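Worksheet: one structure, shown below.
By convention in this document, chain letters (A, B, ...) are assigned in the order of the sequence lines, proteins followed by strands, and residues within each chain are numbered from 1. On a predicted model such as this, the values are computed, not experimentally measured, just so you know.
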Amino acid sequence: MLEKIVEPLLMWYDKNKRILPWRETFDAYDIWISEIMLQQTRVEAVKPYFLRFKTALPKMEDLASCPEDRLLKLWEGLGYYNRVRNMQKAAIQVVEKYNGKLPADYELLKTLPGIGNYTAGAIASIAYKIPVPAVDGNVLRVIARISENDDDIMKQSMKNRVQADLMKVMPKSDPGAFNQALMELGAVVCIPNGSPHCMVCPIAESCKARKGGRIDKYPVKGKAKARRLEKHTILLIQDGSRIALHKRPSRGLLAGLYEFPNLDGYKSRDEVLEQVKDYGLSPLRIQSLPKAKHIFSHVEWDMMGYAVQVSELDHPKDEKMLFVETEQTEKNYPVPRAYSAYARYVNLNLGRDKI
DNA sequence: AAATCGGGGCC
DNA sequence: GGCCCAGATTT
């Protein structure tokens, strides 16, 4: 039944595909960068990051040898930071084992860190014209709708079935175009929220959900668990023209990025002053800052904050705490967007305007 | 199988 | 406020 959609999709894609930076090339390194960046991330958000990343690290060897802070700085604001760490691990393996060239083999691609079913399929089909599917959220939605599939698209069993079904109809001539056509359709026509644009859909005749008037019932997807709430007190500790930063642990949320020193829970002025002294610093002045909220996928941070001026003669006890000039922070230290509401009080914009 | 891991745009 | 995004990895 899926074979009917192949030709219409290829024709539609050829006429309607968007012009995107990573579509100017079939170089595997470029396709790889774009596919990793596009994981759980919208096309519009990726564009400027992709161009900057390619300019900074044009070759596999450049990525393999890049210092971690610089790597994270290039990823700052994109989120899911393990993506870029895994990319570097993979790059090192590719340089050592594959002469710097991503293998033209679906199974071998999957052995590299950060490359799973979807990404291996995308690289193999787009860069190497290997006829394998690339099943992402767009594809699952489109297939669930045209076939009125009641299975939860988040389940691995559903993904495996869709992948197997698509495998049977992959066109050998240009599998990459077919995969991208399916995704492009999901992104611009068979859209998730609101109503899909069925009037311009090239495969509307093959769509069961549309025929049945049940397009709004698909895809079926389980509800996400409620977010956990965390309260934090953010400290903007300034020493003349410098600001205190703290390096986060190498595992867990926002691993390896720099943050403003902060405390669990909401703290009073006096508690903060005590804590700052415990850091080995001498507070001169303290001022409270407005509350702010930052929402992650599975956690919500409710934050309050203080600006604290300390003596310039001070030295923090904690090795992971350091005082950095604002300009240097902007240039060299990756700080997550979660802190942007407070960063502006020390004239940091966390790269919002100039990627 | 479920939890973890960012950030933003749209309804 | 909820949903979703060219998902992968860990638990």
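A/Trp22 and A/Phe50 have their aromatic ring centers within a separation under 6.0 angstrom.
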How does DNA chain B read in dot-bracket, base by base from 5' to 3', with Watson-Crick or G-U pairs under 3.5 Å and | used when the partner is on another strand?
|||||.|||||
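One side chain, A/Asn179 or A/Ser125, offers a donor N or O that lies under 3.5 Å from an acceptor on the other.
With A/Leu71 as reference, A/Gln88 is the one residue of A/Met87, A/Gln88, A/Arg85 to meet the side chain to side chain contact (heavy atoms under 4.5 Å, CB included) rule.
From A/Ile36, atom CD1 reaches atom CG of A/Asn82 across 12.0 Å, with rounding to the nearest 0.5 Å.
Every side chain to side chain contact (heavy atoms under 4.5 Å, CB included) that A/Asn332 has, sequence neighbours left out, goes to A/Gln328. Partners of A/Gln275 by side chain to side chain contact (heavy atoms under 4.5 Å, CB included), not counting sequence neighbours, listed by chain and number: A/Leu263, A/Asp278, A/Tyr279. For A/Arg269, the side chain to side chain contact (heavy atoms under 4.5 Å, CB included) partners are A/Ile286, A/Ser288, A/Tyr306, not counting sequence neighbours. Applying the side chain to side chain contact (heavy atoms under 4.5 Å, CB included) criterion to A/Asn160, with sequence neighbours excluded, gives A/Asn117, A/Gln156.
Note on A/Lys293 versus A/Asp302: salt bridge recorded, some NZ/NE/NH1/NH2 to OD/OE distance being below 4.0 Å.
In this structure, A/Leu229 shares a hydrophobic cluster with no other residue, the cluster being traced through Ile, Leu, Val, Met, Phe, Trp and Tyr side chains under 4.5 angstrom apart. As a member of the Ile/Leu/Val/Met/Phe/Trp/Tyr network built from side-chain separations under 4.5 Å, A/Ile19 groups with nothing else and remains a singleton.
Taking a 4.0 Å limit (strictly below) on heavy-atom distances, residues 19-33 of chain A does not reach DNA chain B anywhere. For the contact set between residues 251-266 of chain A and DNA chain B, defined by any heavy atom under 4.0 Å, the members are A/Gly252, A/Leu253, A/Leu254. Looking at residues 119-146 of chain A, you'll see that no heavy atom sits under 4.0 Å from any atom of DNA chain B.
Between the C1' atoms of C/dC4 and B/dC5, the separation comes to 16 Å (whole Å).
Note on ring orientation: taking the six-membered ring where Trp is involved, the planes of A/Trp301 and A/Tyr339 are tilted (angle from 30° to 60°).
Side-chain to base pairing of A/Thr41 with B/dG8: no donor and acceptor N or O lie closer than 3.5 Å to each other.
Bracketed by its first and final contacts, the part of DNA chain C lying under 4.0 Å from non-hydrogen atoms of chain A reaches from C/dC3 to C/dT11 in 5' to 3' order.
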Test side chain to side chain contact (heavy atoms under 4.5 Å, CB included) on A/Asn138 and A/Glu184; report intermediate values, then the result.
CA-CA 8 Å; A/Asn138 290 309; A/Glu184 189 89 347; over 6 Å; no
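Applying the ring pair (Phe, Tyr, Trp, His ring centres under 6.0 Å) definition to pairs two or more places apart or across chains, none involves residues 159-203 of chain A.
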